[in-house]
Amino acid sequence: MESRASLGHFSGGLGHIEQGSLEGITSGEIRVGIESCKERVAFKCLTCAHRIWVRSKKPAGLMTLAWRKSDRGVLMGYLISAGLPKSKQCKQIVCLSCVHNLLGVVAESADGLLVTLSGRKDGGQDTPILRRQRGEGPWSQSFELTHEVLSFFYRENATTGLEQRPVATAATQIGERGMAKGVRPREKGASEETSTEGAASRIKEQAVRYLVMMTSPQESVRVFLPAGSASPPLRLYMSAWDHNGEGRPKGLGKPSKTDALPETVWWSTLGELCCTCNRGRLMEDAPCVHKLALAALSESWSSTAELPIQESLGRGARVERVGSDETGSYFASADNLQRPPSPQRRMVFCSSKGAWYCEGKRDGCPSLTDCSHVIAAKAALRNEGDLPVADQMVLRLSEPLSEAALGWLERWNGELPKIGIPPAVGTPSQGVASDAGLSEEERYLVGLLERRPHEQATCAGDSCFCRQHDRLFGEAAVAQISNDRESNGGDRGREGGSAEEEAPPRKRARRSKAFWEAHKQGSQGPATRVGWGARPPAEARGKEAIRGWVDACTSCSVASLAALNGGCEHGEASKVRTPVMLLTTEAVQVTKPKLARLSDAHAVHDPLVTLLDRPVPVSKLRDCHFQELSEKGLLSAPRPIESPACGGSWIEAWMEADVTAAQWSQRVRVRIYHCQCPDEAHTIHFDGEHLGLYTWNRRTLFVQESLQLLLRGMQHGHS
């Protein structure tokens, strides 16, 4: 009787939950905050992707909780995020099993009134996460799952690889499908079906048929021009097409074997054709009838136009009606979180009976609740007078535009065109033959543009940056030892025979009273030869802010230099000449970025960072790897060997800094060296070039790849 009473008391706002799951929540068997069950939350765990909420079949339409066998007992429950995470449409949930595996130990108190979290890996204090007033009663969440805790879950999940599921692309899904019953496997080396020319000719024939059907009003192929789009059109809505076999059009309707929603085809900011159909998404340069139709309609201006910018591509209504018939209405909805909007639109279908369907269901939109695209379409329908309508393009076969488009398709050579690049008319072999007159570097660049296979660059020897950081790149140290033995002969490889051991350590000259007097005069008046000659203003940046240069070592530490009285026992590969700036200087990294131009790709080494627990190349470093390097104290400026010319001494300082990329950010500890001058602190800053970083100041580091993407966007007119 008590459980029935409590069930009736807490059933307000919980009518969408199946009876058995609701009894488990109200009785406390399922450790879930009962108030969170009244909110809109995700159905899957954020880390392990286990589907916790599922739709029940009996009775239909209600939601039920599903748990793994290993979660029975204390771990049968979840926590809800405190707020709405970025790029998410609802609050996220993390099951107690993932909390136990990634954050700390989850246990229940002896009196059964608390679920506690102890031994936290993020450094937090032990705390109760769930509590209740009485035994066999519902739970309430007392632990705030903040953005910082969610970020820690992300990092731990990326490091441990716990229950991670591989993301399946359209190409892998096509390749992993089972073969239909009765179909014989295709023979190796066959033919026209497997050759590029055979596939291109088949797509070409289908594109010609597609374009002819566009000119016939009786056919089911329709083309719509988005409302308020740019001129000439950079984006179109086209009827779907089945590319299998000889190809056939699909009618408008909810996706099925015969019907489909319209596809979106557009020109990207790189001047390339993009399409949302299955064929067009196989690869970046995969041809489809929609891409070829848009290219044929744009053949008069595409070869001489400039690359479009993001504002012109996203121009138009955020929600518009594409068409309607007896089955329902079709809408195109933009992603609301993007400013400016992306050229890609999500197609939304509303049946005549009022049922809604979004094509984003296959790409991550929730299937059991309304996504942002459906919500935007419903909101636009309330203001029916303001809802724009896409115009249907009607072509006639005798028009010059149709004749020019069909003529371009007949001359198409199998390569998709690009904006600003004149198309090469003829067979693909003509383009290969034209490489004969190019230089070796130009031929290499053409190979990169055409995605021809090429070998990865290897170590450049003593001039390679990996030789200066043998602690990070162990393979460089092994190669250095082997090269020294080969070049120096057998005697150099014996004990006591190396050049580094024979050379005496460098010692700083003793400084007399005359030196300090000259230094004092130099600091008050014009610069003398004893101090640094350059005295740029304090607000100078980059190379203009350099006060002087000192010898430094990338492998030395404070203790080793003190033991050797200022000398250095490492080889010449570890010696660098590093600039000296002020502590507050900006744009402190003056080294030239690698891979800044396409011609640098064949000469840049991408070594493994072997000091990591799980070594990865420099190009694959992420936030969890920089956190590990920070904990090991390897984000350090080179240790100066000689004393500063200002007359003081170098002090080691650890600074808190942020490593920022396009999609993540990580707090790290960076070591710098500065002097003890009271008026201006001369500083040797951290140079992150060997780790793919750019140092803006002592607290801000950027990933160079993200800076290159930002620079390329600014060159194309992006804000």
Side-chain angles (χ1 to χ4, degrees), residues 196-215 221-226 229-243 247 249 262-309 312-313 315 343-345 390 392-397 399-428 430-431 449-451 716:
T196 305
E197 296 181 0
S201 63
R202 186 170 62 253
I203 294 295
K204 179 179 178 179
E205 294 174 359
Q206 295 183 14
V208 172
R209 288 173 49 207
Y210 190 88
L211 201 59
V212 172
M213 290 181 180
M214 290 170 53
T215 61
V221 173
R222 304 178 189 177
V223 179
F224 301 92
L225 181 64
S229 60
S231 180
L234 300 173
R235 172 169 51 93
L236 294 175
Y237 305 136
M238 295 186 176
S239 297
W241 181 269
D242 186 2
H243 292 83
E263 304 289 354
T264 307
V265 57
W266 70 94
W267 292 98
S268 69
T269 54
L270 299 179
E272 299 175 348
L273 287 165
C274 304
C275 184
T276 58
C277 71
N278 293 332
R279 172 73 188 184
R281 292 187 300 120
L282 285 178
M283 293 184 296
E284 294 180 357
D285 55 349
C288 66
V289 295
H290 309 103
K291 292 181 180 180
L292 293 180
L294 179 58
L297 296 175
S298 309
E299 60 88 22
S300 61
W301 59 268
S302 61
S303 60
T304 57
E306 296 182 355
L307 293 177
I309 61 176
S312 61
L313 286 175
R315 185 181 304 171
Q344 182 179 354
R345 295 294 193 268
Q392 182 176 354
M393 295 180 60
V394 179
L395 302 177
R396 293 180 176 85
L397 195 59
E399 290 183 351
L401 178 60
S402 303
E403 294 178 355
L406 288 174
W408 182 88
L409 273 178
E410 293 176 355
R411 300 190 305 270
W412 183 59
N413 62 348
E415 182 180 357
L416 289 178
K418 295 183 178 180
I419 292 181
I421 301 179
V425 180
T427 60
Q430 294 177 355
L449 292 173
E450 296 182 356
R451 287 181 170 82
H716 289 87

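The figures here come from the full heavy-atom set of this structure, side chains too, leaving out hydrogens, waters and symmetry mates. Along the sequence shown, residues are numbered consecutively beginning with 1.
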Is there a side-chain contact between [X] and [Y] (heavy atoms, below 4.5 Å)?
X      : Y      : answer
Phe224 : Leu236 : no
Leu297 : Met214 : yes
Ile419 : Leu270 : no
Thr276 : Tyr237 : no
Leu273 : Pro287 : no

Where [X] and [Y] come nearest, the two heavy atoms and their spacing:
X      : Y      : answer
Ser268 : Pro308 : O-CG, 3.3 Å
His290 : Ser239 : NE2-O, 2.9 Å
Pro233 : Trp301 : O-CZ2, 3.9 Å
Gly247 : Trp241 : C-CZ2, 3.6 Å
Leu406 : Leu211 : CD2-CD2, 3.6 Å
Pro226 : Arg235 : CD-O, 3.1 Å

Rounded to the nearest 0.5 Å, how far does [atom2] of [Y] lie from [atom1] of [X]?
X      : Y      : atom1 : atom2 : value
Gln206 : Asp242 : CD    : CG    : 8.5 Å
Ser302 : Trp267 : OG    : CH2   : 5.0 Å
Glu263 : Met238 : CD    : CE    : 11.0 Å
Lys204 : Asn413 : NZ    : CG    : 8.5 Å
Trp408 : Ser300 : CH2   : OG    : 12.0 Å
Ile309 : Leu234 : CD1   : CG    : 10.0 Å

Do any N or O atoms from the side chain of Trp412 and from the backbone of Glu415 form a donor-acceptor pair under 3.5 angstrom?
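Side chain of Trp412 to backbone of Glu415: a pair is present.
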Is there a donor-acceptor pair under 3.5 Å between the side chain of Lys291 and the backbone N or O of Asp285?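 Not at all, since once roles are kept as given, no pair shorter than 3.5 Å links the two residues.
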Evaluate the criterion side chain to side chain contact (heavy atoms under 4.5 Å, CB included) for residue pair Leu292 and Leu416; output intermediate values, then yes/no.
CA-CA 8 Å; Leu292 293 180; Leu416 289 178; 3.8 Å; yes
